[in-house]
Amino acid sequence: QRLKAIHHCLHFLVLLFFLQHFILCISNSTKVKNCMKSLIKFLLLIPLIVISDEDFKIDELSYGEHEKQKIDFYKGSSDKVLIWIHGGGWIFGDKQASRWINRFRNHFIDHENLNVYMIGYRIGEDTAPNAVNDVICAYKKILDDATTKNLSIEDIVVSGASAGGHLALMTGLSETYIDNPCHSMTKPKAIINLFGITEIERNSDFLDETKFFKASNYVKGWIKPDQDIAEISQKLSPIYLIDENPPYVLTIHGTSDRWVPYEQAILLDNKLGSKHELLTIDGGGHYYFSEKEDELIRGTISSFLKGVYLE
């Protein structure tokens, strides 16, 4: 908030400077031409003078050599930790993309009180299981960093939307992931899953049945041509990794989601039982919610987080 205030003050001062010189220009008719040339040059320099939101770089951590293997850290006012994983079908997306940051801020209204880590990971066609392995290793890096910062590693919630929801679940259930590259001693306290994929093969079948273009099946786009989708699904589907003591999970899913069918939430609900809270948005799509539904989602997430952190 302090950085935002500085940002707005700079904009105001630049505008004030411009107006002051503009008035001086028009009040001195003999020098209007030269004065206006100077003002035009000044206007062209504004993008270099005014600090934008993008210039306020948050602490960035690296957990690998690839440019995508980085984590952004946003310091909060408490010692609680919240991890956010962006979506994009494992093929697109970026941790600093405004669409994903805005979506996070829209639904996580208490984020300024929390220490937020936003994970970047390798994306692209034919890259499975890179995204899964990356977020699991990023989680281990976050544990180390949070310990260094004297944050509570006993109070970590992992969250994500769409493919990010799948990756949040995989992170929280990684103890039973057979190809786990980065084992951690401390599992997350809870997971918030916004319409994430829970059974890969069935999600792929749904896309084949409902999409006209084959390219719309992002699941098959992520999996390499020589990989067997049934085998990949067994390894990388969260519902097959649930043990006798999984973290508590909140799932939010719309019944009219055309990219991750609502059935995916039901599959997870049946597996987790009492360890699962499911908020069903009747008629809700894939990030298409009314303002009333958004309010319900915000309130549910806020209540869930408060309950988890107070336990």
Side-chain angles (χ1 to χ4, degrees), residues 61-71 83-95 100 117-143 156-188 190-204 207 217-243 246-247 249 251 259-260 264-265 267-268 271-272:
L61 315 172
S62 294
Y63 65 93
E65 295 182 357
H66 194 276
E67 62 179 0
K68 288 286 188 179
Q69 293 174 318
K70 297 183 186 300
I71 308 160
I83 297 171
W84 170 253
I85 307 173
H86 70 79
W90 310 291
I91 297 174
F92 306 102
D94 186 85
K95 62 181 170 55
W100 289 107
Y117 290 89
M118 293 190 174
I119 297 177
Y121 54 90
R122 287 173 292 171
I123 56 174
E125 294 183 354
D126 305 331
T127 60
N130 288 354
V132 172
N133 293 340
D134 279 3
V135 296
I136 291 172
C137 289
Y139 177 75
K140 186 174 183 180
K141 177 70 175 182
I142 289 169
L143 286 176
I156 296 181
V157 176
V158 184
S159 63
S162 192
H166 164 263
L167 295 174
L169 289 165
M170 290 297 295
T171 302
L173 301 169
S174 62
E175 283 185 349
T176 54
Y177 172 39
I178 192 170
D179 294 327
N180 189 332
C182 297
H183 289 276
S184 301
M185 296 298 292
T186 305
K187 68 169 61 175
I191 303 166
I192 298 178
N193 162 42
L194 282 81
F195 39 87
I197 300 95
T198 64
E199 212 284 352
I200 287 175
E201 186 174 17
R202 290 177 72 156
N203 203 116
S204 177
L207 294 171
N217 190 334
Y218 57 87
V219 176
K220 289 184 176 177
W222 182 50
I223 296 171
K224 297 171 186 176
D226 61 343
Q227 292 176 321
D228 180 69
I229 191 167
E231 182 180 340
I232 287 292
S233 189
Q234 282 293 320
K235 283 186 177 182
L236 303 180
S237 293
I239 64 167
Y240 300 130
L241 302 183
I242 297 168
D243 59 16
V249 179
T251 293
W259 293 100
V260 181
Q264 296 280 305
L267 291 171
L268 186 64
K271 279 279 190 175
L272 284 171

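Side-chain atoms of His166 do not come within 3.5 Å of backbone N or O of Ile200 as any donor-acceptor pair. No side-chain donor-acceptor contact under 3.5 Å links Thr198 to the backbone of Ile239. A donor-acceptor pair under 3.5 Å is absent between the side-chain atoms of Asn203 and the main chain of Val260, judged by distance alone.
Counting all heavy atoms, side chain and backbone alike, Ala161 lies closest to Trp84 at CB-CH2, 3.8 Å. Closest heavy-atom contact between Lys271 and Ile242: CB-CD1, 3.6 Å. Of all heavy-atom pairs between Leu207 and Tyr218, the closest is CD1-CE2, 3.5 Å. Ile123 and Gly93 make their closest contact through CD1-O, 3.2 Å (heavy atoms, listed as atom of the first residue, atom of the second, distance). Looking at every heavy atom in both residues, Glu199 comes nearest to Ser233 through OE2-OG, 3.3 Å. For the residue pair Ile136 and Tyr177, the shortest heavy atom distance occurs at CD1-CD2, 3.4 Å.
Atom CD1 of Ile85 and atom CG of Asn193 lie 10.5 Å apart (nearest 0.5 Å). Rounded to the nearest 0.5 Å, atoms NZ (Lys141) and OG (Ser62) are 7.5 Å apart. Atoms CG and NZ, from Asp228 and Lys235 in turn, are 10.5 Å apart once rounded to the nearest 0.5 Å. With rounding to the nearest 0.5 Å, the separation of OG1 in Thr186 from CG in Leu143 is 5.5 Å. Atom OG1 of residue Thr171 and atom CG of residue Asp134 lie 10.5 Å apart, to the nearest 0.5 angstrom. To the nearest 0.5 Å, atoms CD (Gln227) and CD1 (Ile232) are separated by 4.0 Å.
Proximity of Tyr121 to Tyr63: side-chain heavy atoms (C-beta onward) are separated by under 4.5 Å at one or more points. Contact check for Val157 versus Ile191: no side-chain heavy atoms found under the 4.5 Å cut-off. Considering only heavy atoms from C-beta on, Ile229 comes within 4.5 Å of Val219 through its side chain. Using a 4.5 Å heavy-atom cutoff, the side chains of Lys187 and Pro247 are in contact.
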Test His86 against Met118 for side-chain contact (heavy atoms from CB on, under 4.5 Å), laying out the working first. CA-CA 8 Å; His86 70 79; Met118 293 190 174; over 6 Å; no
Going through the checks in order, is the side-chain contact (heavy atoms from CB on, under 4.5 Å) test met by Ile71 and Ile83?
-> CA-CA 10 Å; Ile71 308 160; Ile83 297 171; over 6 Å; no
Note to self: One pair to check against side-chain contact (heavy atoms from CB on, under 4.5 Å): Ile142 and Ile119. What are the steps and the verdict?
What the structure shows: CA-CA 9 Å; Ile142 289 169; Ile119 297 177; 3.9 Å; yes
- Query: Does the pair Val158 and Ile192 meet the rule for a side-chain contact (heavy atoms from CB on, under 4.5 Å), with working shown?
  - Reply: CA-CA 6 Å; Val158 184; Ile192 298 178; over 6 Å; no
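Residues passing the ring pair (Phe, Tyr, Trp, His ring centres under 6.0 Å) test with Trp222 are Trp90, sequence neighbours excluded. Residues meeting the side-chain hydrogen bond (donor to acceptor under 3.5 Å, both in side chains) test with Ser184, sequence neighbours left out: none. Residues satisfying the ring pair (Phe, Tyr, Trp, His ring centres under 6.0 Å) test with Tyr117, not counting sequence neighbours, are Phe73.
No more than 12 heavy-atom neighbours from other residues, nucleotides or ligands sit within 6.0 angstrom of CZ on Arg202.
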